[in-house]
Structure formats: C-alpha cells, structure tokens
Amino acid sequence: QVQLVESGGGLVQTGGSLRLSCTASGRTFSLYTTGWFRQAPGKEREFVAAISGGAGRTSYADSVKGRFTISRDKSKNTAYLQMNSLTPEDTAVYYCASGSWSRGAGESSAYDYWGQGTQVTVSS
C-alpha cells in the first residue's frame, strides 16, 4: 500500500520561506515522478512543480519559477518543495503526488497516489 505524507506547512509572512516535505511508504520515490500541486479556496487544483524519476528532470509552473525548488532525498524516500519569496497568492493546500512523467508531469491524471495535503498560509 502506497502512502504519501506531507508536512511543513504553516503560516508565514509575505516574503518568507517554507519547506514542504513529502515522505513515501510502499513505493521507492526516486523511481517515479513526484509532483506538487496546490488548491486555493474556490479555485481548481493547479500544478506547481515536478521532478522525474531517475535523472531528476524538473518542471515548474510559471507562477513559481525562480522562487520554488523541488528536490528529493533518495536515502529518506522524501521529496521537498522549498518555497521562497512567498506571497498571499501562494496560500493554498499543497499536495504531493507520485506518478509518471510520460503521462504529463503537469497533469493531475499523471499521478496515481496523492497525499492528504498541508496548508500553507501567507499573510500580507
């Protein structure tokens, strides 16, 4: 049984930073694509970033390029999302997911397993 557990969310002021973690059990993270998505109140879930299995190619939404960095630690079977220069527009529930790059890393349909989400709130 595959489980993904996110952590690291919280309340931060504009311009601050947070690092989200996503730890997997039942699956070797580095063999699959890991994606981060977010959903703000009243909005649809949107792609944030992804890192492919194997070579570790990365992809980012335009809205977070240059501010967010996705990475992973194979020894801990954990993926991370470092978020810098946060703004209130980044406020959302953040979800990690595990799936396949070839199915479209920016598409929810590419992912088979999802975490429960962690809340990120950025105050102005």
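Quick caveat, the model's predicted, so the values are computed rather than measured. Residue numbers run from 1 in the order of the sequence given.
- In this structure, Q119 CD and L11 CG are separated by 9.5 Å, a value rounded to the nearest 0.5 Å.
- Closest approach of A110 to G104, counting heavy atoms only: CB-O, 3.1 Å.
- Remark: the E107 side chain and the S109 side chain contain no N/O donor-acceptor pair separated by less than 3.5 Å.
- Here the closest non-hydrogen pair linking T33 and S100 is OG1-C, 3.9 Å.
- The structure places CG of L4 at 8.0 Å from CZ of R27, a figure rounded to the nearest 0.5 Å.
- With values rounded to the nearest 0.5 angstrom, Y94 atom OH is found 7.5 Å from L81 atom CG.
- No donor-acceptor distance shorter than 3.5 angstrom exists from the side chain of R19 to the backbone of G8, with no hydrogens or angles considered.
- By the 6.0 Å and 45° rule, R72 does not stack over the aromatic ring of F29.
- A continuous path of hydrophobic side-chain contacts links W36 to L18 [ILVMFWY only; heavy atoms under 4.5 Å].
- For the atom pair SG (C96) and OH (Y113), the distance works out to 13.5 Å, reported to the nearest 0.5 Å.
- Distance CZ/F68 to OG1/T58: 14.5 Å, rounded to 0.5 Å.
- Side-chain atoms of R67 come within 3.5 Å of backbone atoms of S85 as a donor-acceptor pair (strictly under, hydrogens ignored).
- Taking each heavy atom of G117 and V93 in turn, the nearest pair found is CA-CG1, 3.8 Å.
- If you take OH on Y32 and CG on D112, they are separated by 8.5 Å, rounding to the nearest 0.5 Å.
- Considering every non-hydrogen atom in both T14 and S124, the closest pair reads OG1-CA, 3.4 Å.
- In this structure the side chain of V122 never reaches within 4.5 angstrom of the side chain of M83, judged on heavy atoms.
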ring-ring contact (aromatic ring centres under 6.0 Å, His included) between F37 and Y111: does it pass, once the steps are laid out? CA-CA 11 Å; F37 289 75; Y111 298 90; 5.3 Å; yes
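- Between I70 and Y60 there is a side-chain heavy-atom pair separated by less than 4.5 Å.
- Two residues are said to be in side-chain contact when any heavy atoms from C-beta on lie closer than 4.5 Å; S63 and R38 meet this criterion.
- Using a 4.5 Å heavy-atom threshold, the side chains of W114 and V2 count as separate.
- The closest donor-acceptor contact from the side chain of T23 to the backbone of T78 lies at 3.5 Å or more, if one exists at all.
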Test log, rule side-chain contact (heavy atoms from CB on, under 4.5 Å), inputs N84 and S17: CA-CA 4 Å; N84 299 328; S17 298; 2.9 Å; yes
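- When all heavy atoms are compared, the tightest approach of W101 to S59 is CH2-CB, 3.8 Å.
- Nearest heavy-atom pair, V5 versus Q116, reported as atom, atom and distance to 0.1 Å: CA-OE1, 3.8 Å.
- Under the 4.5 Å side-chain heavy-atom criterion for Ile, Leu, Val, Met, Phe, Trp and Tyr, V120 and Y80 are members of distinct hydrophobic clusters.
- The backbone N or O of S25 lies less than 3.5 Å from no partner atom in the side chain of N77, so there is not a single donor-acceptor pair.
- Of the possible donor and acceptor atoms, none in the side chain of Y95 sits under 3.5 Å from a partner among the backbone N and O of E6.
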